[in-house]
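Read through the structure below, which is laid out as structure tokens, and then see the notes.
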Protein chains: 2
Amino acid sequence: MAFYIKEAAEKVNLPTHTLRYYEQEGLLPFIKRDENGNRIFDENDLLWLELIVCLRKTDIPLAELRAIVELTKEGDSTAAKRKQILEKHKEKMMEKQRDLDNAFIKIKEKIGFYDEIEKKYHKENLSF
Amino acid sequence: MAFYIKEAAEKVNLPTHTLRYYEQEGLLPFIKRDENGNRIFDENDLLWLELIVCLRKTDIPLAELRAIVELTKEGDSTAAKRKQILEKHKEKMMEKQRDLDNAFIKIKEKIGFYDEIEKKYHKENLSF
DNA sequence: TTAATCCTTAAAGTCGACTTTAAGGCAAGG
DNA sequence: CCTTGCCTTAAAGTCGACTTTAAGGATTAA
């Protein structure tokens with residue numbers, strides 16, 4: 001189970017350019033090449049890439065993903081540090097959740113307000 | 001109840017620069033000035049600003065807020081359009097919520113994984 | 001009177017995360 | 001043989017949302 005960049009990109013629903021950019025930024029450190037220098041993504045690479053995509057949707061900075069990669073290279077002794085990075089991001093995610101909850105209340109209010117204006121406006125403009 | 005920019009900025013927890021920038025970008029169209037040309041934020045301005053801040057935390061684009069302002073200037077007949085903009089953003093918010101829910105699952109898994117490595121690592125390094 | 005602290009405007013700079021452009025290599029199909 | 005479509009690299013450009021810098025005006029406190 002190994003894939004060229006186009007297949008990998010399709011699997012994670014990103015442009016190939018972005019995958020190359022991620023590799024360049026140190027997020028994909030173990031990507032092998034075929035005899036022509038083309039990238040080959042194996043199952044492991046894809047799993048990591050999927051986690052990247054999933055966490056990027058919650059706006060984890062590339063720098064934090066890169067930091068995890070660097071720590072991974074240093075071996076098992078860095079597991080606690082890697083965990084810490086993720087815990088910190090999880091806190092941010094929880095804050096976002098709260099921000100969303102607050103915004104839902106406010107946006108519903110405002111939508112209701114616009115509804116009222118709309119109703120009034122139509123009532124006032126009835127011809128008979 | 002009216003405030004100069006510094007007080008207003010403190011109330012919504014933004015730098016004064018950002019409030020000026022927002023006005024310049026057409027997000028705060030009704031801000032009055034005192035005899036020296038200083039901005040005066042009234043209760044209404046603050047309420048709108050608070051909504052801006054609340055929705056910005058969910059990444060509503062400035063362009064959408066500006067669009068609402070422009071429609072508001074055109075009067076009550078545009079209430080439906082303004083509502084539509086907010087409904088559309090509410091959809092995005094719901095998608096973010098789903099993204100967060102998915103990411104929570106994955107990040108907990110990964111944290112658990114790092115926990116395992118950590119435990120193993122400490123076990124292997126016991127001297128006796 | 002001078003320093004501090006507010007305010008003003010306009011313009012330039014920054015940042016993260018891509019995205020686009022340019023120039024070119026390799027392999028298969030017609 | 002040539003086009004098509006994949007791949008490569010390096011570098012430049014874009015985008016949104018600020019943020020910083022520069023230059024200066026008005027009010028207050030020492």
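In what follows, chains carry the letters A, B, and so on, assigned in the order in which the sequence lines appear, proteins first and then strands, with residues in each chain numbered from 1.
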Between [X] and [Y] (side chain of the first, backbone of the second, donor and acceptor by atom type, cut-off under 3.5 Å), is there such a pair?
X        : Y         : answer
Glu23(A) : Arg20(A)  : no
Arg82(B) : Tyr114(A) : no
Arg56(B) : Ile60(B)  : yes

Taking [X] first and then [Y], would you say they form a salt bridge - that is, a charged N and a carboxylate O separated by under 4.0 Å?
X         : Y        : value
Asp42(A)  : Lys32(A) : yes
Glu87(B)  : Lys81(B) : no
Asp34(B)  : Arg39(B) : no
Asp115(A) : Lys83(B) : yes
Lys88(A)  : Glu64(A) : yes

Query raised in the report: Between which nucleotides of DNA chain C, read 5' to 3', does contact with chain A run, using atoms under 4.0 Å from its heavy atoms?
Result: dA17(C) to dA27(C)
Requested in this report: Report whether Ile111(A) and Met94(B) are members of the same hydrophobic cluster (ILVMFWY, side-chain heavy atoms less than 4.5 Å apart, transitive linking).
Outcome: yes
**Report entry** Connected via hydrophobic side-chain network under 4.5 Å: Phe3(B) and Ile52(B)
**Finding:** yes
Query raised in the report: For DNA chain D, what residues of residues 8-39 of chain A have any heavy atom nearer than 4.0 Å?
Result: Arg20(A), Arg33(A), Gly37(A), Asn38(A), Arg39(A)
Query raised in the report: Which residues in residues 61-72 of chain B have at least one heavy atom lying under 4.0 Å from any atom of DNA chain D?
Result: Pro61(B), Leu62(B)
